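Keep in mind that the numbers below use all heavy atoms, side chains included, and drop hydrogens, waters and symmetry copies. All of these numbers come straight from a predicted model, not from anything done at the bench.
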Amino acid sequence: MYLSTEAAQRHRARLANTLQTGDLVIIPAARLTTRNNDVHHRFRQDSDFYYLTAFPEPDAVAVIKKQKTTTTYILFVLPKNPEREVWDGYRCGTEGAVTEFDADKAYSVDELDEIMPNLIDGSTRVIYPMSDSSFDQRFSSWRKAVLAKVRLGAQCPATFINLGSIIHEQRLIKDDYELDLMERAGQISVAAHRAAMTAGKPGCSEHELEGLIEGEFRKAGAQRFAYPSIVAAGSNGCVLHYHDNDTRIENGDLLLIDAGCEYAGYASDITVTWPASGRFSDPQQRVYEAVLRVQQEVVDAVRPGATFNQLNTMACRGLLREMQELGLVDAHASIDELMEKQAYKPYYMHSIGHWIGMDVHDVGSYGTERKRPFEPGMVVTIEPGLYIPLDADDAPAELRGIAVRIEDDIAVTDHAPRNLTYGLPRSVDEIHRFMDETRAS
Ligand code: GLY
Ligand code: MN
Ligand code: MN
């Protein structure tokens, strides 16, 4: 499943509404990158480019030129080449760029160096990605070509703007179509996690579950994972970015699995924690329920006007309250005193969440001190956790080696938060029942 050309058209129209007459926007596609020798990494389109074009091929460049009465959309694409297409597959070529992808005009990428200086000449502002150094060099050569002709009447733009500062703000607010794609991504991931919960018994290995989950993603039509899956048994869950995924799962282990697919260019990001045996031990249950209470409190606070800063404070205060109950921090100190000392840090060291969209850690400003107020159409992850390493000598012995994180993707709406990753058994009872029912059949 791919992003629809109608959606890309809507995104271009929204962008054009924010542009001024005389603006030129240049958006390069991603390029193939070498893995080794003549083998490439699997291609993934650049998110900004895909958002505005829905065009799936590498090496292209899109241009949007805003004039007084018209906005022109130009695509530079790899030209048709029967010989190359035998090896690399179909290219839609310049004709297809117009008929299939709605370009007003299309040229071969071979013509970029000739045509682009003419497009830049006379524009007042040029908006292009400044963070891509190889594209920046290329852009600089086009600008120089314009400057070289100033005495002949060429006009070099006076203002250059980073594409991200405009398009990333737009991408941060998702429309209903995008939210539905994100819900679909979320639901594919939920189904994959449910399959792993059914299959992940003691004796199987982390990598078997990784393969099972990613296989479920592909079976359901997702293109890929949105980030490398973390499948961590037992105390491996204390390593926040654990990727080895090579340990045998033992009876008594908790599984912490952080995995999400990318569907039609949109990410999902889910963490589940559950007992391989099908039953939480008493200490595991106490830590799990502590994190779940905090996660549910914070999810409910995902409303317009809230900020990551507030939610993070809420999570830290909630986790400190739970840590007092668990004997992880001083039970006699006030929460304010513990906050002052950041007493949660040994057991909760990341933040409560991030923007999510086409990129799992999505674009868009967080504001100073992460105090940007949430607005409808933004999507955030809420992912508190408690990680108690085996060598945490200050922690009660029975809690050592326990790692729990619970993560969902939540859309901000005018009303109640919309959970895009609903449908997982989350309470201890639900998990026990789910294990009993699915593993028995
Ligand atoms: N899976 C990456 C994250 O949770 O941020
Ligand atoms: Mn995650
Ligand atoms: Mn996340």
If the condition is side chain to side chain donor-acceptor pair (under 3.5 Å), which residues does [X] pass it with, not counting sequence neighbours?
X: H354; value: D269, T381, E383
X: E340; value: none
X: E100; value: Y90
X: E210; value: N245

Can [X] and [Y] be counted as an ion pair, charged N to O under 4.0 angstrom?
X: D391; Y: R400; answer: no
X: R12; Y: D104; answer: no
X: D132; Y: R31; answer: yes
X: E262; Y: R184; answer: no
X: D175; Y: R14; answer: no
X: D59; Y: R91; answer: no
X: R433; Y: D429; answer: no

Discussion item. For R218 and C261: C-alpha separation, side-chain torsions, deciding distance, then whether side-chain contact (heavy atoms from CB on, under 4.5 Å) applies.
Written reply: CA-CA 9 Å; R218 292 296 283 141; C261 73; over 6 Å; no

Worksheet entry | Listed once per pair and sorted, the ring pair (Phe, Tyr, Trp, His ring centres under 6.0 Å) pairs that draw on residues 199-234, sequence neighbours left out | none

Atom [atom1] of [X] and atom [atom2] of [Y]: how far apart are they, to the nearest 0.5 Å?
X: F43; Y: R224; atom1: CZ; atom2: CZ; answer: 9.0 Å
X: R321; Y: E297; atom1: CZ; atom2: CD; answer: 4.0 Å
X: E206; Y: L209; atom1: CD; atom2: CG; answer: 8.0 Å

Worksheet entry | Pair F308 + W355: ring centers closer than 6.0 Å |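 Between F308 and W355, the centre distance is under 6.0 Å.
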
Worksheet item: Can the ring centroids of Y2 and Y50 be said to lie less than 6.0 angstrom from one another?
Response: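 Centroid distance Y2-Y50: not below 6.0 Å, so no.
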
Worksheet entry | Sequence-distant partners of E289, salt bridge (charged side-chain N to carboxylate O under 4.0 Å, His left out), two or more places apart |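 E289: no salt bridge (charged side-chain N to carboxylate O under 4.0 Å, His left out) contacts found.
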
Worksheet item: Among all residues two or more places apart in sequence or in another chain, which pass the salt bridge (charged side-chain N to carboxylate O under 4.0 Å, His left out) test with R317?
Response: D336

Which pairs count as salt bridge (charged side-chain N to carboxylate O under 4.0 Å, His left out) when at least one residue sits in [range], sequence neighbours excluded?
range: residues 298-309; answer: D300-R303
range: residues 344-355; answer: none
range: residues 231-254; answer: R248-E250

Worksheet item: What's the verdict on side-chain contact (heavy atoms from CB on, under 4.5 Å) for I27 and I64, showing C-alpha distance, side-chain angles and the deciding distance?
Response: CA-CA 9 Å; I27 315 109; I64 296 169; 4.3 Å; yes

Worksheet entry | Any residue meeting ring-ring contact (aromatic ring centres under 6.0 Å, His included) with Y387, in chain and number order, not counting sequence neighbours |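 With sequence neighbours excluded, Y387 shows a ring-ring contact (aromatic ring centres under 6.0 Å, His included) to H350, given in chain and number order.
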
Discussion item. Please evaluate residues L112 and Y107 with respect to the criterion side-chain contact (heavy atoms from CB on, under 4.5 Å), reporting the C-alpha separation (whole Å), side-chain torsions for both, the decisive distance (0.1 Å), and the verdict.
Written reply: CA-CA 8 Å; L112 262 172; Y107 302 100; over 6 Å; no

Worksheet, complete the sentence: Heavy-atom nearest pair, P417 first then I410, reads CB-CG2, 3.6 Å

Worksheet item: Side-chain contact, heavy-atom cut-off 4.5 Å: D258 with H193?
Response: no

Worksheet item: For E375, does the CD atom sit with more than 12 other heavy atoms under 6.0 Å from it, leaving out its own atoms?
Response: yes

Item to complete: Give me the ring orientation class for Y128 and F139: parallel if the planes are under 30° apart, tilted from 30 to 60°, perpendicular past 60°.
Response: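 It falls in the parallel class, under 30°.
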
Worksheet item: Excluding sequence neighbours, so at least two apart, what forms side chain to side chain contact (heavy atoms under 4.5 Å, CB included) with I161?
Response: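 Residues passing side chain to side chain contact (heavy atoms under 4.5 Å, CB included) with I161: R125, I127, T159, S165, I166.
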
